[in-house]
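Input: a single structure, listed below in structure tokens.
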Amino acid sequence: QVQLVQSGGGLVQAGGSLTLSCAASGRTLGMAWFRHAPGRQRQFLAFTSRSGGNSYYADFLKGRFTISRDNSKNTVYLQMNSLEPEDTAFYCCAAEDSNDGAAYYNALRYNYWGQGNQVTGSS
């Protein structure tokens with residue numbers, strides 16, 4: 001089975017940047033990032049394929065976030081730029097070990113989840 005261990009997160013001033021990482025202990029296919037804030041639905045952020053050759057993003061990010069993958073380390077990253085208070089949320093990575101047909105932005109696609117990291121944008 002797969003375990004995902006996250007690192008990163010924290011407090012950042014408006015306009016600042018943070019990078020999250022998610023290391024997988026086993027084989028994964030696609031990996032993704034989601035966030036969940038109080039009073040809001042869980043939001044899909046970004047997806048990257050097994051090879052890292054195909055990535056997809058939520059439109060509302062407007063190019064501020066970048067997902068990348070280092071398969072030699074079995075780790076996926078989320079680079080977050082121009083952070084604002086509205087980005088405050090609990091951020092989780094997710095991984096699939098099979099493609100069950102669910103869309104990449106659907107949380108039900110994923111079999112494994114990281115422990116999450118709090119990201120707080122201050123103002």
Side-chain angles (χ1 to χ4, degrees):
Q1 62 180 15
V2 173
Q3 290 186 333
L4 305 178
V5 179
Q6 297 183 218
S7 62
L11 176 67
V12 62
Q13 295 182 357
S17 299
L18 285 174
T19 298
L20 306 178
S21 65
C22 177
S25 64
R27 188 188 71 176
T28 64
L29 298 177
M31 296 183 68
W33 290 94
F34 292 80
R35 71 185 185 188
H36 199 177
R40 294 190 288 174
Q41 296 181 349
R42 181 195 292 116
Q43 295 177 303
F44 164 78
L45 300 174
F47 167 89
T48 186
S49 62
R50 171 169 47 89
S51 68
N54 294 293
S55 299
Y56 306 98
Y57 297 90
D59 289 341
F60 70 83
L61 294 177
K62 299 180 180 180
R64 296 185 298 121
F65 290 10
T66 302
I67 190 170
S68 61
R69 187 167 190 162
D70 184 346
N71 285 333
S72 68
K73 300 179 180 179
N74 212 16
T75 299
V76 67
Y77 304 89
L78 184 68
Q79 178 181 320
M80 303 180 291
N81 299 321
S82 301
L83 287 165
E84 300 294 339
E86 306 86 76
D87 295 310
T88 297
F90 195 66
Y91 286 68
C92 293
C93 63
E96 61 179 2
D97 61 7
S98 64
N99 188 342
D100 65 1
Y104 62 85
Y105 52 80
N106 188 343
L108 297 178
R109 178 188 179 103
Y110 302 96
N111 309 100
Y112 307 99
W113 292 83
Q115 82 278 13
N117 289 104
Q118 179 68 33
V119 173
T120 300
S122 65
S123 64

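All values below were derived from every heavy atom in this structure, side-chain atoms included, with hydrogens, water molecules and symmetry-related copies excluded.
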Original post:
So which pairs with a foot in residues 73-109 pass ring pair (Phe, Tyr, Trp, His ring centres under 6.0 Å), sequence neighbours left out?
Top reply: Phe44-Tyr104, Phe47-Tyr104, Tyr56-Tyr104

Original post:
Do Asn111 and Val2 have side-chain heavy atoms sitting under 4.5 Å apart?
Top reply: no

Original post:
Mind checking what makes side chain to side chain donor-acceptor pair (under 3.5 Å) contact with Asp97, not counting sequence neighbours?
Top reply: Tyr112

Which pairs would a plain distance check flag for residues 9-21, meaning a side-chain donor or acceptor within less than 3.5 Å of a matching protein atom at least two apart in sequence or in another chain?
from, atom 1, to, atom 2, distance (Å)
Ser17, OG, Asn81, OD1, 2.9
Ser21, OG, Ser7, OG, 2.4

Original post:
Can you list the other members of the hydrophobic cluster that holds Val5, where links are side-chain heavy atoms under 4.5 angstrom apart?
Top reply: none

Original post:
What pairs with Phe65 under ring-ring contact (aromatic ring centres under 6.0 Å, His included), at least two apart in sequence or on another chain?
Top reply: none

Subject >> Set of salt bridge (Lys or Arg N to Asp or Glu O under 4.0 Å) partners for Arg64, sequence neighbours left out >> reply: Asp87

Original post:
How would you list, by chain and number, every residue that makes a side chain to side chain contact (heavy atoms under 4.5 Å, CB included) with Ala94, sequence neighbours excluded?
Top reply: Phe34, Tyr110, Trp113

**OP:** State, to 0.1 Å, how close Arg35 and Arg40 come at their nearest heavy-atom pair, and which atoms those are.
**Re:** NH2-NH1, 4.3 Å

Subject >> Residue pairs fulfilling salt bridge (Lys or Arg N to Asp or Glu O under 4.0 Å) with at least one residue in residues 72-84, sequence neighbours excluded >> reply: none

**OP:** Could you pull out the closest heavy-atom pair between Thr88 and Gly121, with the gap in Å?
**Re:** OG1-N, 2.9 Å

Original post:
Taking only residues two or more places apart in sequence or in another chain, which ones pass side chain to side chain donor-acceptor pair (under 3.5 Å) with Thr66?
Top reply: none

**OP:** Quick one: list whatever passes disulfide bond (SG atoms under 2.5 Å apart) with Cys92, sequence neighbours left out.
**Re:** none

**OP:** Might you point out which heavy atoms bring Cys22 and Leu4 nearest each other, and give the distance in Å?
**Re:** SG-CB, 3.8 Å

Determine all donor-acceptor pairs shorter than 3.5 Å in which one atom belongs to a side chain in residues 24-33; sequence neighbours excluded.
from, atom 1, to, atom 2, distance (Å)
Ser25, OG, Gln3, N, 2.9
Ser25, OG, Gln3, O, 3.4
Thr28, OG1, Arg69, NH2, 2.5

Original post:
Under a 4.5 Å cut-off applied to non-hydrogen side-chain atoms, are Phe60 and Leu45 in contact?
Top reply: yes

Subject >> Residues in side chain to side chain donor-acceptor pair (under 3.5 Å) contact with Gln118, at least two apart in sequence or another chain >> reply: Thr120

